[in-house]
Amino acid sequence: FAMLMGTMFTIGLLSKNSEMTAMRSNGLTVFWLTKPILYTALALSFVCILLNESIVPFCNRRVEEIYNIDIKKRDEKGTFDKDNFWWREGDNFFSAVLFDSRTSSVHKLSKFYLNKDFLIDKRTDSEKTTWVNSQLGWNMKNITERKFELVEEVSTKNFEALPAPEITLAPKDFFSFKSEPETMTFMELLSFIKAQKLNGLPVKRYYPDLFSKLAFPFIVFVITLITIPFALIPARTGSMATSFMSALSIGFLYYVIHSLSLAFGKAEIWPALLAAFAANILLASVGLVLNLGSEAPS
């Protein structure tokens, strides 16, 4: 929207003051006149990709941690289930409600020990599991251990603290278990998909978000391309109100189309690659047609 407004003001004011008309009457094309704006938009699209691979995921993770831990206190109430995640190590499965990167601790950890018949032999629940160091690994606190000896018989034991040598992951590895794609970079999401696939879990719904990390930053270029023809309207009408409303509507339309296409991709109605780039392809084509049409005499 910053590029949309900047393009609208720049081209719109030139059009309103008939300067675009004067330059075009000397044989200059709209494309040639707007090349600096288009090059800037393309460069900013690549900058957005770099930001999405560095600053943005970290900030999104911190926002979630601050909101859910400091503000809502959901780790204390045990109701923070938005970030529930699972992972597998050998024949054992683990689930956790929340990983707090600031204290290197996992909240509401559960371990499931499976036998050869894929039935649960033992379940261990810990209120809080904290990282000690690379030598000692993880330490569980406030533990409840249940053994399923018979179908209708369960033995229960409670412990204040126990080590967790079965967990081979370090704190940094838990970031890849966050299921929200916006909290991961492209490479982190790709690694997450590979890990989920190795664990035998479905991953197709993640591919549209993966490709979207490459497609969505080009909204800067696409919106700029499609805004230029509308910015030329004041040359004919003398008013910028209509062009502003038209450009804003198209900017909103991009988000609608992109969200719908991602939904189709996650539902496996469309191929993931097409779902991620559908809005770019459609609106870039419309923008190209409108720009070619704007070359016609007034």
Report yes or no: does [X] contribute a side-chain atom to a donor-acceptor pair with the main-chain N or O of [Y] at less than 3.5 Å?
{"X": "Thr34", "Y": "Ile37", "value": "no"}
{"X": "Asn133", "Y": "Gln135", "value": "yes"}
{"X": "Ser261", "Y": "His258", "value": "yes"}
{"X": "Asn26", "Y": "Ala22", "value": "yes"}
{"X": "Thr29", "Y": "Trp32", "value": "yes"}

Problem set entry | Partner of Pro229 under side-chain contact (heavy atoms from CB on, under 4.5 Å), chosen from Val30, Val286, Asn291, Leu292 | Asn291
Exercise. Can you tell me how far OG1 of Thr224 sits from CD1 of Ile11, rounded to the nearest 0.5 angstrom?
Worked result: 10.5 Å
Exercise. Does Lys266 have any side chain to side chain donor-acceptor pair (under 3.5 Å) partners at least two apart in sequence or in another chain, and if so, which?
Worked result: Asp209
Exercise. How would you list, by chain and number, every residue that makes a side chain to side chain donor-acceptor pair (under 3.5 Å) with Tyr113, sequence neighbours excluded?
Worked result: Lys111, Glu166
Exercise. Just checking, any donor-acceptor pair under 3.5 angstrom between side chains of Thr144 and Asn158?
Worked result: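 Yes, a side-chain donor-acceptor pair sits under 3.5 Å.
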Problem set entry | Validation row: Pro57, Met184 side chains within 4.5 angstrom (heavy atoms) |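 In short, these two side chains do not touch, never coming nearer than 4.5 Å.
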Looking at [X] and [Y], what are the two nearest heavy atoms and their distance?
{"X": "Gly265", "Y": "Pro208", "value": "C-CG, 3.5 Å"}
{"X": "Ala276", "Y": "Phe211", "value": "CB-CB, 3.5 Å"}
{"X": "Ala284", "Y": "Val222", "value": "N-CG1, 3.8 Å"}

Problem set entry | Chi angles and distances behind the ring pair (Phe, Tyr, Trp, His ring centres under 6.0 Å) call for Phe218, Phe277 | CA-CA 10 Å; Phe218 287 96; Phe277 284 91; 7.7 Å; no
Exercise. Stepwise, does the salt bridge (Lys or Arg N to Asp or Glu O under 4.0 Å) test hold for Lys108 with Glu127?
Worked result: CA-CA 5 Å; Lys108 302 290 185 181; Glu127 286 292 323; 2.9 Å; yes
Problem set entry | Positive for side-chain hydrogen bond (donor to acceptor under 3.5 Å, both in side chains) with Arg146, one of Asp121, Asp125, Thr156 | Asp125
Exercise. Can you check side-chain contact (heavy atoms from CB on, under 4.5 Å) on Thr124 and Met140, steps first, answer last?
Worked result: CA-CA 10 Å; Thr124 304; Met140 299 186 297; 4.1 Å; yes
Exercise. Parallel, tilted or perpendicular for Phe99 and Trp138, by the 30°/60° rule?
Worked result: perpendicular
Problem set entry | Carboxylate-amine/guanidinium proximity below 4.0 Å for Lys141 and Glu160 | no
